[in-house]
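Okay, so here's the structure we're looking at.
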Number of protein chains: 2
Amino acid sequence: MPAANTVVGVSPEEQLPAGATTQEDTELRYLLLAAQREGARYMSGQLRALNLTPAQAEIILVLAQREPLTLAELGRLIVCESNSPSRIVDTLVKRGMVSRTPGQVDRRVVYLGLTEQGQELVPKLQEIDAAVDAAAAFRLSSDEKQVMIRGLRRMLDGTVSGAALATRFHG
Amino acid sequence: MPAANTVVGVSPEEQLPAGATTQEDTELRYLLLAAQREGARYMSGQLRALNLTPAQAEIILVLAQREPLTLAELGRLIVCESNSPSRIVDTLVKRGMVSRTPGQVDRRVVYLGLTEQGQELVPKLQEIDAAVDAAAAFRLSSDEKQVMIRGLRRMLDGTVSGAALATRFHG
DNA sequence: TGCTCATTAATGTCACGTCAGCAATGAGCG
DNA sequence: CGCTCATTGCTGACGTGACATTAATGAGCA
């Protein structure tokens, strides 16, 4: 398991001598940043009607697929809030979408699940997800998507986020 | 100029019927998020010794290349803080790295530049940038980078972030 | 000139993401 | 049992990022 402060698969000790870097690499980094920002902005817009944020939606959708989960387990499945996503879950509990049940055996843990109100949101969220997917990827060919997915997976190999997504989409 | 809430090149009116979406599209979105997060985390780590954040470093590097800039111009060149990045600049001014000069002709504007102390940081920041570039991209082949760059540019075509990066890297 | 409208920058509000630190609990081991 | 250590979840501090609103200024036009 890599340390928290690991990038993209490179532990601090094995960093490359930063020699072979071109401006394109920098542009690629900022393009990734920009794509993520614009995507998030759009997603936010779509979710505004439901009064949900992208992070909250991610949690609800993961719970819909894999509840019950402890807070730590959930943290290992989502990209957001790498540690324990207590606070985001907190808001969802306050709004009555997520339930928190103290563990019987291990009384440190809390089991999370969707309330009825939370479950009712799921179809809408899936719909929005699909719309955002379509908006984000419709300009890419199938081949391009494949290359990007493979490349990004490789970049993320050995990171916490990478592990989370591997479990989530292929675990 | 597209409206602020435009994604990835799709204005709200011309959205696709979200039909042809696969799980891969969703994975791609989350991979983009994860790559950006891990990259930012790493960058943060590298910058910690300088007591700077990635957003602050971006601003210093842009100013190094194109000062003087008004706040609005700067906002159009960076990916962060789409509106006027008053507050981030504020901290940099307080720490003595950026200077703010009221405009003589148009007294609404403020001209931003690097102080001597700010300029001294630039080489170090460029070094860090190169290191992060290397760490992020060294697992990708040249071809893969090309495909990703082209694809991302296309995704961002017509967005504010896309315009910012186009100006910055090819303007 | 006087009016209206656009632009620029600043600010308040909200929700995160990161980090560090903490309390409670559980597990391993003598 | 008693000690130590790891894990789980919570919380405070800090710095964004998004959005809306506002104040000041400039530009266009009758």
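Given the structure is predicted, the values throughout are model-derived calculations rather than measurements. Letters A, B, ... are given to chains in the order of the sequence lines, protein chains preceding strands, and every chain is numbered from 1.
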(request) Strictly below 4.0 Å, heavy-atom distances to any atom of DNA chain C: list the hits from residues 61-72 of chain B, or just say none. (result)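 Heavy-atom cutoff 4.0 Å gives B:Thr70, B:Leu71, B:Ala72.
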Please report the distance, rounded to the nearest Å, between [atom1] in [X] and [atom2] in [N].
X	N	atom1	atom2	answer
B:Asp106	D:dA24	CG	P	15 Å
A:Leu52	C:dC14	CG	C1'	15 Å
A:Met43	D:dA18	CE	C1'	16 Å
B:Gln36	C:dG17	CD	P	11 Å
B:Leu74	D:dG17	CG	C1'	15 Å
A:Arg107	C:dA24	CZ	P	13 Å
A:Ile59	D:dG9	CD1	C1'	14 Å
A:Arg108	C:dT25	CZ	C1'	5 Å

(message) Base, sugar-phosphate or nothing for B:Thr53? Non-hydrogen atoms, less than 4.0 Å.
(response) sugar-phosphate
(request) Name the residue closer to the 5' end of DNA chain D, choosing between A:Ser44 and A:Tyr111 according to the nucleotide with the nearest heavy atom. (result)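 Result of the comparison: A:Tyr111.
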(request) Could you check B:Gln104 against B:Thr91 and say which one's nearest nucleotide on DNA chain D is further toward the 5' end? (result)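 Here B:Thr91 is the residue nearer the 5' end.
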(request) Could you say whether A:Ala55 or A:Val105 is positioned toward the 5' end of DNA chain C, judged by the nucleotide with the nearest heavy atom to each? (result)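 Final value for this comparison: A:Ala55.
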(request) Please tell me which of the listed nucleotides, D:dC10, D:dG15, C:dG17, lies nearest to the side chain of B:Gln56? (result) D:dG15
(request) Among the candidates D:dC10, C:dC19, C:dA9, find the nucleotide nearest to the side-chain atoms of B:Val110. (result) C:dA9
(message) Looking at A:Tyr111, I want to see if its OH is surrounded by more than 12 non-hydrogen atoms of other residues, nucleotides or ligands under 6.0 Å.
(response)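 Not more than 12 within 6.0 Å, no.
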(request) Can you measure from CD (A:Glu144) to CZ (B:Arg154) and round to the nearest 0.5 angstrom? (result) 4.0 Å
(request) Report the distance from atom CG of A:Leu152 to atom NZ of A:Lys145, rounding to the nearest 0.5 Å. (result)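 Going from the CG atom of A:Leu152 to the NZ atom of A:Lys145 covers 14.0 Å.
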(message) OP1 or OP2 of D:dG17 versus the side-chain N and O atoms of A:Arg37: is any pair under 4.0 Å?
(response) yes
(request) Check whether any side-chain N or O of B:Ser84 sits under 4.0 Å from OP1 or OP2 of C:dA9, and answer yes or no. (result) no
Measure all distances between protein nitrogen or oxygen atoms and nitrogen or oxygen atoms of nucleotides 12-14 of chain D, and list the pairs falling under 3.5 Å.
| residue | atom | partner | partner atom | Å |
| --- | --- | --- | --- | --- |
| D:dG12 | N7 | A:Arg87 | NH1 | 2.8 |
| D:dG12 | O6 | A:Arg87 | NH1 | 3.3 |
| D:dG12 | O6 | A:Arg87 | NH2 | 2.4 |

Are the side chain of [X] and the backbone of [Y] linked by a donor-acceptor contact shorter than 3.5 Å?
X	Y	value
A:Glu38	B:Thr159	no
A:Glu58	A:Ile78	no
A:Arg168	A:Leu77	yes

(message) Check this for me, if you would: do A:Glu127 and A:Lys124 make a salt bridge, where the nitrogen-to-carboxylate-oxygen distance has to be below 4.0 angstrom?
(response) no
(message) So that I can tick it off, tell me whether A:Glu27 and B:Arg153 are bridged by a salt bridge, with the cut-off set at under 4.0 angstrom between side-chain N and carboxylate O.
(response)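 So B:Arg153 pairs with A:Glu27 through a salt bridge.
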(message) Within the structure provided, determine whether A:Leu114 and A:Val98 are in side-chain contact (heavy-atom separation under 4.5 Å).
(response)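 A:Leu114 vs A:Val98: side chains touch.
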(message) Does any part of the side chain of B:Asp143, heavy atoms only, come nearer than 4.5 Å to the side chain of A:Val147, both counted from C-beta?
(response)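 With C-beta onward as the side chain, the pair stays apart.
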